[in-house]
> 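Provided herewith is a single structure, encoded as structure tokens, for subsequent inquiry.
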Amino acid sequence: MTSKDLSHSRLPTKICWGLVSWQPSPQRGCDPCSQTQRSKLQHRRARINQQINKEMRMRAGAENLFRATTNNKVKETVALELSFVNSNLQLLKEELEELNSSMEVYQTESEAINVPMIPLGLKETKEVDLTVPLKEYICEHYREDSSLFEKEIKEFMELRQAMRTPSRNEAGLELLVEYYNQLYYLDQRFFPPHRTLGVHFHWYDSLTGVPSCQRALAFEKGSVLFNVGALYTQIGARQDRSAATGIDRAIDAFQRAAGAFNFLKENFSNAPSLDMSGPSLCMLVRLMIAQVQECVFERVTLTMQDTHFTSQLQVAQEAARVRGPVLVLQTMSQPLVKDYVPFSWASMVQVKAEHFRALSHYYAAVALCDRTRKFHRACDEEGEKALLQLHVSNPAGPPLSQVLRDPEERRKLGKAHLRRALIRHEEAMRVHGLCKILRKMDILQEVLSFVHKRSLDKYSEMDREDDFDETAEAPEIHSQTQQKPDIIPPNFSTVQVTDIFRRLGPLSVFCARARWGPVRLVCLQRGEGGLGLTLRGDSPVLVAGVVPGGCAEEAGLREGDYIVAVDGENRKWAKHGEVVHSLKSCSDRGVELSVITLHTHDTQVCFIALHTHETQAQSSVSLLNWNRKKNREGGGVTKRLGSTFSLPFGNLGDGESMY
């Protein structure tokens, strides 16, 4: 792998060893020919991606010619051609940006008026034909007839084709995770540390459409993981947030999207595309967390049963808590991200920042003004405590304890908050009007107009003709929330998979990092002292010892051999007891063993779980994070694996048996 390749020294892997017979995957993607709004959008995005790729190739060729030629006339012609190509590229990128900003396609069809969420489109990829490279590797490395594995190769190719168009639901997520888990086995089977298959994986940037190509399987894994996060954003955006259940599902989806992007940021480096770079992923994590906080605010306003003074203040503080857009804006202003993020995204985030600041002041004003005549002394202590915690700094004028008991002072403070709310509403509408794409979003226009009119009506209600006092400046609202957002990392153990190429044998021996000699046939006959060998472990069974001068040694059996077949029957996956039974029941003519000798083995990489039930029971540690820093902290691989530690040369848990 070159230094430009995607580094995967800390690549998370899914370890889930299935011991049942291989079955084709039931998962399939969406019909690529279906004419849904989302599929049409994906088709247009794929078409533009291909056009951008073509224009970039033309530009690269023209630039090379410009540098190579010494003919001034040719240089002038090439320079003119380059200007046309760059203009076409700019138009294509603007068209793609508009497509990537089409948030309405992913929004819910509910009639409820809510601020739209920002979803992320999936990364597109080209078809990859692995048939020839896999067949060649099976023949060369495993010394097997590759034609016997056409079914497995076809199944893997179908799985990859299906994951290109996942459905926008749990089934689509399971499909992506299933493919991601299968990539672990593909990596172990066919990708040795110092060699590649010569297969190129092509993926397009999710926002710019710029193509990237690498031979590293880590690039394929990272792109699939990115799509897991992107699909969660689409699922979260489509939820009906007019009901608490829909809000909870949206919260969960956005938290899991943040977890996927954060996981990608922490475990992958040297990404070839900007959408998978550290700054971009950091921005996406913050964006998802901000949208989680929006959903929490919506749930608080939806489930609030009364208009109690303290309840209204809590809503105001919850709105102030939606400060994520401010942090997202800061991230978007960084040099590497500023020119990359669509202008409509930056505008939408700025609109949301102003919108929720306005709502925090509005609900504070409602709490103060609506209780002018209905406030009771019995609530003095609770109300005073809530009011003291409302502001970032104390407002000018009388103490808050006096404001709480004086209806006129409360009206003045409430009016000051309404004034700030109107200023923020108007700023949100101004930013909204500057973006052509946002102006096309009717639902956003409707939300902004509604809340602005509501604040304006409330301000008119509080305003008096004889009120000549200058309105004081209301301080900012102190933020507080009922639920802090949580970044939920992806749990790949929820989708249990069986190695498609399981028939090649157990990964403990038959992996790309192992080297073994050719299969030897040993005809073993029982003598007076028995067979003269010691067996250990299973899948495959290991010849742990050979009695000097015994039948096994005379037949050519050596210590360290693995039994892969007995009388022509495949025993790579056989348990210890099964092989013992076959040897004990051999006839007088003896038994024919097929054995191999392991020459080299990378014990640091090719670890597997002992049994399927152990892996399922230990889902919390099913992802191994190969972090060099953790290795240096002590304990090495053995300590970090804990209870899932397994031996690289087979399971020796069944003890030894001598025959």
Side-chain angles (χ1 to χ4, degrees), residues 36-49 51-52 87-110 112-124 168 204-210 230 233-234 236-238 241 254 257 274-275 280 283-284 286-288 290-291 294 324-326 328-333 337-356 358 424-452:
T36 63
Q37 279 188 311
R38 177 171 167 265
S39 65
K40 289 178 182 178
L41 188 66
Q42 291 292 106
H43 280 304
R44 290 178 61 191
R45 184 182 286 117
R47 177 181 58 81
I48 295 175
N49 285 338
Q51 290 177 329
I52 289 176
S87 298
N88 290 337
L89 269 175
Q90 184 62 33
L91 291 173
L92 287 170
K93 288 183 178 180
E94 289 177 1
E95 185 179 355
L96 184 64
E97 178 183 342
E98 187 170 351
L99 284 181
N100 289 327
S101 304
S102 302
M103 307 173 201
E104 288 184 298
V105 175
Y106 302 101
Q107 305 300 320
T108 176
E109 297 178 356
S110 170
I113 302 177
N114 289 315
V115 179
M117 295 297 179
I118 300 178
L120 193 63
L122 303 181
K123 288 175 70 70
E124 299 282 348
R168 193 164 35 135
Y204 295 95
D205 190 288
S206 62
L207 293 181
T208 64
V210 175
T233 69
Q234 297 179 17
R238 74 172 301 191
R241 304 198 309 277
F254 288 128
L274 279 175
D275 55 354
S280 296
M283 179 271 296
L284 290 175
R286 288 187 174 184
L287 178 61
M288 295 304 114
Q291 297 192 142
E294 289 180 49
V326 178
V328 177
L329 278 174
Q330 293 175 359
T331 311
M332 287 182 174
S333 63
V337 184
K338 184 177 180 180
D339 298 329
Y340 171 69
V341 174
F343 176 70
S344 59
W345 279 29
S347 299
M348 173 67 91
V349 170
Q350 191 174 353
V351 167
K352 289 187 175 187
E354 300 295 343
H355 172 72
F356 284 102
R424 295 297 102 201
H425 282 314
E426 290 167 2
E427 178 63 15
M429 296 176 73
R430 185 191 70 82
V431 176
H432 169 265
L434 294 176
C435 181
K436 180 182 69 174
I437 294 174
L438 294 188
R439 289 199 301 268
K440 296 179 181 179
M441 299 183 66
D442 296 335
I443 184 66
L444 181 58
Q445 177 68 48
E446 192 174 351
V447 170
L448 296 179
S449 299
F450 171 78
V451 294
H452 177 258

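When a residue number appears, it is its place in the shown sequence, counting from 1.
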> How would you list, by chain and number, every residue that makes a side chain to side chain donor-acceptor pair (under 3.5 Å) with Q445, sequence neighbours excluded?
H432, S449
> Could you pull out all residues at least two apart from H355 that satisfy side chain to side chain donor-acceptor pair (under 3.5 Å)?
none
> Between the main-chain N or O of I118 and the side-chain N or O of Q291, is there a donor-acceptor pair closer than 3.5 Å?
yes
> Which residues satisfy the salt bridge (charged side-chain N to carboxylate O under 4.0 Å, His left out) test with R430, sequence neighbours excluded?
E427
> With side chains defined as the heavy atoms from C-beta onward, is the minimum distance between P116 and M348 less than 4.5 Å?
yes
> Can you list everything that forms a side chain to side chain donor-acceptor pair (under 3.5 Å) with T331? Sequence neighbours excluded, please.
R286
> Out of L448, V451, V447, which one pairs with V115 under the side chain to side chain contact (heavy atoms under 4.5 Å, CB included) rule?
V447
> Residues in side chain to side chain contact (heavy atoms under 4.5 Å, CB included) with I52, at least two apart?
I48, M56, L89, L92, K93, L96
> Kindly write out the residues that satisfy side chain to side chain contact (heavy atoms under 4.5 Å, CB included) with E426, not counting sequence neighbours, or none if the list is empty.
H452
> Please check if the side chain of E124 supplies one atom and the backbone of S206 the other of a donor-acceptor pair under 3.5 Å.
no
> If only atom types and distance count, is the side chain of D275 paired as donor or acceptor with the main-chain N or O of D205 below 3.5 Å?
no
> Just to verify, what does Y204 make a ring-ring contact (aromatic ring centres under 6.0 Å, His included) with, not counting sequence neighbours?
none
> Got a sec, which residues hit side chain to side chain donor-acceptor pair (under 3.5 Å) with E354, two or more places apart in sequence or on another chain?
R424
